Trainee: 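My questions will all concern the structure given below.
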Amino acid sequence: MDTLDCSCRGPLLLHEANMAKFPEEPASTSQPACSTPQQSQPWTEVVARRQRGVLRKFSPPPFNLSNRYSVLADSNVADPAHTIPLPPQHRSAEQSRPTAPPPKPPAPRRVARERPRHPPSSTRPVAVLVGSSMVRHVTLPRSETWCLPGARVEDVQTRVPEVVEQHPTASTIVVHVGSNDIRLQQSEKLKSDFTSLIQTILATGKKCIVSGPIPSVCFSDMQFSRVRQLHAWLVGHCSRERVPFVDNFGSFWRRRSLFARDGRHLNRAGASLLASNLELALEAHHTPR
């Protein structure tokens with residue numbers, strides 16, 4: 001056993017003797033293989049600094065700090081000295097808004113009378129026709145025509161006292177108006193205005209004849225419906241008030257040849273037909289004075 005042990009340790013001792021001749025190499029760090037030589041990267045040192053806090057003005061809250069409890073206060077009335085006023089940013093829009101002066105009432109409408117295109121048929125007319133531009137070319141025997149372009153029912157009502165003053169010999173006032181009111185789409189107001197107009201004329205001691213609305217060929221379906229409703233209402237209202245009513249609906253319905261190019265106003269033929277309808281009504285209800 002001793003002989004075998006010596007034979008095995010011989011090569012091992014020889015190897016250790018050879019290794020002692022060479023110094024121990026330091027451990028090499030593993031670096032990645034790269035064909036490009038490494039270059040030092042430029043580094044920049046960033047120092048984060050804190051900004052100094054900005055002092056903000058503190059606005060008091062919009063609260064009333066007065067005592068509301070009678071147990072803890074001497075009186076129930078809050079002391080105005082302890083009441084903090086509201087800053088502008090907390091005030092309501094109504095408090096910060098300056099008070100505007102009250103609006104002025106709208107000025108009354110004044111529709112100018114169009115100069116008569118034809119001289120009056122008589123210096124002492126027995127009737128006066130007052131209406132919108134639809135009566136521009138309408139002439140009646142022994143009558144005076146007042147054409148008020150763009151007039152509404154309330155406009156004719158305001159001109160009634162002037163008509164009566166300038167024509168004291170006239171015993172009848174014929175009104176043809178309402179086409180310009182149809183566009184406003186206020187049926188109830190239109191009925192009320194017609195009622196006031198008829199009462200105003202009758203209050204002067206004159207007779208009143210209402211000329212019914214004319215269905216224009218350029219009216220839309222809604223406007224035609226309103227004209228038809230106004231026509232039906234005027235028939236019943238004039239019958240209750242015992243006021244003569246001239247039915248123009250059937251005479252002008254779908255008759256394009258009676259209207260001008262705009263489809264709203266009457267041409268010479270249409271004005272002649274309207275004059276014939278009004279003349280028949282005057283002859284039937286006129287009483288000589």
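What you see is a predicted model, and the numbers here were worked out from it, not measured in a lab. All residue numbers in this chain count up from 1 along the given sequence. The analysis underlying the following values was restricted to heavy atoms, covering all of them including side chains, and did not include hydrogens, waters or symmetry mates.
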Trainee: If you apply the rule side chain to side chain contact (heavy atoms under 4.5 Å, CB included), what do you find for V243 with I209, and how did you get there?
Mentor: CA-CA 6 Å; V243 173; I209 296 179; 5.9 Å; no
Trainee: Do L184 and R152 have side chains that approach each other closer than 4.5 Å (heavy atoms only, starting at C-beta)?
Mentor: yes
Trainee: Taking only residues two or more places apart in sequence, or in another chain, which ones meet S179 in a side-chain contact (heavy atoms from CB on, under 4.5 Å)?
Mentor: M134
Trainee: Do T195 and Q199 have side-chain heavy atoms sitting under 4.5 Å apart?
Mentor: yes
Trainee: Atom CG of N180 and atom CG of D155: how far apart are they, to the nearest 0.5 Å?
Mentor: 8.5 Å
Trainee: CZ of R256: more than 12 outside heavy atoms within 6.0 angstrom?
Mentor: yes
Trainee: Scan the side chains in residues 219-238 for donor-acceptor partners under 3.5 Å anywhere in the protein, sequence neighbours excluded, and list what turns up.
Mentor:
unit_1 : atom_1 : unit_2 : atom_2 : d
S220   : OG     : Q223   : N      : 3.4
Q223   : OE1    : S220   : N      : 3.2
R226   : NH1    : S187   : OG     : 2.8

Trainee: Without hydrogens or angle criteria, can the side chains of S133 and H265 be said to hold a donor-acceptor pair below 3.5 Å?
Mentor: yes
Trainee: How long is the straight-line distance from CD of E154 back to CZ of R159, given to the nearest 0.5 Å?
Mentor: 13.5 Å
Trainee: Under 3.5 Å, which donor-acceptor pairs link side chains of residues 273-281 to any protein atom two or more places apart or in another chain?
Mentor:
unit_1 : atom_1 : unit_2 : atom_2 : d
S276   : OG     : S272   : O      : 3.0
N277   : ND2    : N248   : OD1    : 3.1

Trainee: Checking T169 side chain against P125 main chain: does a donor-acceptor pair fall under 3.5 Å?
Mentor: yes
Trainee: Can you confirm whether the side chains of Q157 and S196 place a donor and an acceptor under 3.5 Å from each other?
Mentor: no
Trainee: When you measure from the side chain of K206 to the backbone N and O of A170, does any donor-acceptor pair fall under 3.5 Å?
Mentor: yes
Trainee: Are the charged groups of D193 and K189 less than 4.0 angstrom apart, N to O?
Mentor: yes
Trainee: Quiz question: by atom type and distance under 3.5 Å, do the side chains of R268 and H137 form a donor-acceptor pair?
Mentor: yes
Trainee: Closer than 3.5 angstrom, by distance alone: can the side chain of S171 be matched with the main-chain N or O of A127 as a donor-acceptor pair?
Mentor: no
Trainee: Rounded to the nearest 0.5 Å, what's the gap from CG on L148 to CZ on R136? Could you check?
Mentor: 11.0 Å
Trainee: Check whether any side-chain heavy atom of I173 lies under 4.5 Å from a side-chain heavy atom of V164, and answer yes or no.
Mentor: yes
Trainee: Between A151 and V177, what is the shortest heavy-atom contact and its length?
Mentor: O-CG2, 3.7 Å
Trainee: Enter the distance from K191:NZ to Q186:CD here, rounded to the nearest 0.5 Å.
Mentor: 13.0 Å
Trainee: Would you give the length of the straight line joining atom CZ of F249 to atom CD1 of I214, rounded to the nearest 0.5 angstrom?
Mentor: 11.0 Å
Trainee: Decide yes or no on side chain to side chain contact (heavy atoms under 4.5 Å, CB included) for V174 and V130, but give the supporting numbers first.
Mentor: CA-CA 6 Å; V174 184; V130 186; over 6 Å; no
Trainee: Quick one: does L140's side chain get under 4.5 Å of T145's, heavy atoms only?
Mentor: no
Trainee: Counting only N and O atoms by type, is there a donor-acceptor contact under 3.5 Å from the side chain of S216 to the main-chain atoms of G263?
Mentor: yes
Trainee: Using atom types as modelled and distance alone, determine if a side-chain donor or acceptor of N267 lies under 3.5 Å from a backbone N or O of F259.
Mentor: yes
Trainee: Compare every heavy atom of C208 with every heavy atom of I198, then report the nearest pair and how far apart it is.
Mentor: CG1-SG, 4.5 Å
Trainee: Please assess V126 against T172 for the test side chain to side chain contact (heavy atoms under 4.5 Å, CB included), listing each intermediate value before the final yes or no.
Mentor: CA-CA 7 Å; V126 296; T172 305; over 6 Å; no
